[in-house]
Amino acid sequence: MVLSAAIQKLKNKKQFVVHEQYPIEVIERRRELVPILKDARTKGHTAVLKEDRLYIDNKRYYPRTTSQHPPPSVAMDHNDNILNYDISIFVESKLDNLDVLDVPKGYTYVTKNRKKMCKKSGGIAVIFKKSLETSLTFLSSESQFVQWMKVTKSIFGLQNDVIVGCIYIPPEGSKYSNLEAFDEIENELMSLKKVSDVHTALIGDFNAKTGILNDFVLADETLLDLFHLDTDNEIISYMLDYENLKSYNIPLQRVTQCSCQPNTYGYKLLNCCKKLNMYIANSRIGVDKGVGKTTCKNTSVVDYLLLSSKLFTLVKEFEIQQFDPLLSDVHSAIHITLKSQSTSHKNNSVTSDQTPKTRWHDNKRNQFVNTVHNKKEQLSAILNDLHTLHSSDHCTQHEIDKVVDSIGEILVSSANETFIKKTRTTTQRTNQKPWYTKQCYDARKKFHKARKQYNLHKNETNHKKFT
């Protein structure tokens, strides 16, 4: 009443200023929101501040630093951001099991929410197209710091599936911080790799400051010789894995615009990289190559993409985007585009990586026909299925696909048996010649070592050792 009366009586008297007197806690929250309000307006958004509530484009904006209990992140309600991507990953999502996200039509989501909390905090949300449901498998795990996602190999045309870890690790010194977070993630990833041979990627907010310290270990050839490991291809491939980056023209040394000193989390992240043979993509690829743009508050790099060496060739675009207050309170989004294969017939397609290539030989035509005829049990099963479908009033698409797949399997297996040459196995014989001395043995061993290293990594240095 007093405020409204004062405004009316003093509105033409410029020497007076009338404004509301807010409590201290409201004033503090307004101070947090005013910079975001100004930034949103400069970007063309409609932004209004009412008491301690900020509305951007008629939707309330909840900064992560507020002491309120905010609903799901406003960023997830901005459909334009999500529609630009097949998969969007949000960390520090601040969701609980009762929240329901309003995602665009044709999209669905998976969340991993922080447990045992007095208020909403932390959490991970993955929003993706429904058309990808058959290609993505979300794996459950004990660690609250990671949501594992397995991407089928057919999407990228690879021989192995890809395991992606969506990461959120709370900052050092916060009440949710946990020095064991990196160990948990590392142990779970190693367990997943034991089950099957996979490519690996990690992305998210690690709250780790790494500077330009190495995320790989240079191999010591003296140790290889000392422990007689130089003839073990598996060990050599593991220890010289970083040579793959060189062959892809990716620099081993990183750069960064971050002037912060490496922190404890940073050293832990680098140790994980070295053990798992994973490499930080920031400053190595895309428009960020040779730049190392900051990802948090324009001062530090704490958000990363980590890749196993053979995944670097899949990356078409990598960019640290400009800070947008509609997406985060202090973090910049990471934009990634990967090369993919057509998935329109992914359920029935067989890629060249999965089966050996066959070529038709007309002189083996009769042999091929006989091979097909000899599969009597399989042909009989297909005839029974066709008879069942023919006599049925209604048949499903799945039943038809099953018969078609069975016919295809017979033709493919018969072609493999007929046209693919069988490789002969030979037994290795030890050299019993009297002139084959230890000196010959050592020279032969040295030659084979040089040849293997050259075949693995063909460069000038290895070529000189080989010749």
Side-chain angles (χ1 to χ4, degrees), residues 87-95 110-117 121-126 136-151 160-211 213-217 238 241-242 254 262-282 284 295-296 300-312 331 334 336:
I87 302 173
S88 298
I89 301 169
F90 295 88
V91 298
E92 203 176 356
S93 53
K94 293 186 176 180
L95 300 171
V110 168
T111 63
K112 189 165 193 175
N113 305 322
R114 178 175 283 165
K115 300 176 182 177
K116 298 179 181 179
M117 57 184 181
S121 59
I124 301 162
V126 182
L136 304 179
T137 304
F138 290 89
L139 310 174
S140 59
S141 67
E142 292 296 322
S143 177
Q144 64 178 335
F145 307 109
V146 58
Q147 171 62 63
W148 298 109
M149 175 176 65
K150 183 168 74 170
V151 185
N160 302 313
D161 294 331
V162 178
I163 295 289
V164 180
C166 310
I167 308 291
Y168 174 66
I169 299 177
E172 279 188 53
S174 70
K175 65 179 180 180
Y176 297 110
S177 65
N178 189 338
L179 290 175
E180 305 301 320
F182 291 89
D183 295 329
E184 289 182 16
I185 294 170
E186 178 187 324
N187 292 335
E188 288 190 354
L189 184 53
M190 292 181 72
S191 298
L192 292 172
K193 292 177 72 173
K194 285 180 182 178
V195 175
S196 60
D197 191 13
V198 293
H199 302 291
T200 54
L202 300 176
I203 184 171
D205 181 2
F206 295 80
N207 275 300
K209 300 172 184 176
T210 60
L213 299 177
N214 285 344
D215 52 358
F216 60 94
V217 178
Y238 174 80
D241 183 76
Y242 59 85
R254 296 183 295 123
N263 60 0
T264 303
Y265 279 7
Y267 288 109
K268 283 187 167 289
L269 176 60
L270 293 171
N271 285 335
C272 284
C273 290
K274 293 171 184 177
K275 292 178 184 177
L276 299 170
N277 266 353
M278 297 186 71
Y279 308 91
I280 296 172
N282 303 51
R284 282 187 168 129
T295 66
C296 181
S300 60
V301 178
V302 295
D303 307 276
Y304 298 92
L305 169 66
L306 274 59
L307 299 172
S308 52
S309 62
K310 294 185 179 178
L311 289 184
F312 275 85
H331 292 268
I334 298 179
I336 306 161

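- Between the T295 side chain and the V302 main chain, a donor and an acceptor come within less than 3.5 Å of each other.
- Residues satisfying the side chain to side chain donor-acceptor pair (under 3.5 Å) test with N263, not counting sequence neighbours, are E172.
- Scanning all heavy atoms of the two residues, the minimum distance from H199 to N160 falls at CD2-O, 3.7 Å.
- Between E92 atom CD and N207 atom CG the span is 8.0 Å, to the nearest 0.5 Å.
- One finds the CG atom of L305 at 11.5 Å from the CD1 atom of I167 (value rounded to the nearest 0.5 Å).
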Show me, pair by pair, the donor-acceptor contacts under 3.5 angstrom made by side chains of residues 140-148, not counting sequence neighbours?
| residue | atom | partner | partner atom | Å |
| --- | --- | --- | --- | --- |
| S141 | OG | K112 | NZ | 3.0 |
| S141 | OG | E188 | OE1 | 3.0 |
| S143 | OG | F145 | N | 3.2 |
| S143 | OG | E184 | OE1 | 3.0 |
| Q147 | NE2 | L139 | O | 3.3 |
| W148 | NE1 | E188 | OE1 | 2.8 |

task = Step by step, work out the side chain to side chain contact (heavy atoms under 4.5 Å, CB included) result for I169 and I185.
result = CA-CA 10 Å; I169 299 177; I185 294 170; 3.9 Å; yes
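- Of all non-hydrogen atoms in S177 and P171, the two that sit nearest each other are CB-O, 3.1 Å.
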task = Kindly indicate, with the supporting measurements, whether the criterion side chain to side chain contact (heavy atoms under 4.5 Å, CB included) is fulfilled by F216 and N277.
result = CA-CA 7 Å; F216 60 94; N277 266 353; over 6 Å; no
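- The CG atom of D241 sits 11.0 Å away from the CG atom of L276 when rounded to the nearest 0.5 Å.
- Partners of D161 according to the salt bridge (Lys or Arg N to Asp or Glu O under 4.0 Å) rule, which considers only residues two or more places apart in sequence or in another chain, do not exist here.
- When all heavy atoms of L213 and R254 are compared, the closest pair comes out as O-NH2, 2.7 Å.
- Of the inter-residue distances, the one linking C272 atom SG with L306 atom CG reads 8.5 Å to the nearest 0.5 angstrom.
- Note on ring orientation: taking the six-membered ring where Trp is involved, the planes of F206 and Y304 are perpendicular (angle over 60°, cut-offs 30° and 60°).
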message = Assess the residue pair V162 and L311 against the criterion (side chain to side chain contact (heavy atoms under 4.5 Å, CB included)); give the C-alpha distance rounded to whole Å, side-chain angles, the decisive distance to 0.1 Å, and a yes or no.
response = CA-CA 9 Å; V162 178; L311 289 184; 4.0 Å; yes
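- Judged by the 6.0 Å and 45° rule, R114 forms a cation-pi pair with Y176.
- Remark: F138 pairs with F128 by the ring pair (Phe, Tyr, Trp, His ring centres under 6.0 Å) rule, at least two apart or across chains.
- For the residue pair I124 and C166, the shortest heavy atom distance occurs at CD1-O, 3.2 Å.
- Of all heavy-atom pairs spanning T111 and A125, the tightest one is CG2-CB, 4.0 Å.
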Sequence neighbours excluded and cut-off under 3.5 Å, please list the side-chain donor-acceptor pairs for residues 189-196, or say none.
| residue | atom | partner | partner atom | Å |
| --- | --- | --- | --- | --- |
| S191 | OG | N187 | O | 3.0 |

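- With values rounded to the nearest 0.5 angstrom, I280 atom CD1 is found 5.5 Å from L270 atom CG.
- Between K274 atom NZ and N214 atom CG the span is 6.5 Å, to the nearest 0.5 Å.
- Annotation: ring pair (Phe, Tyr, Trp, His ring centres under 6.0 Å) contacts of Y265 (sequence neighbours excluded): F182.
- The shortest heavy-atom contact between L136 and I87 is CD1-CD1, 4.1 Å.
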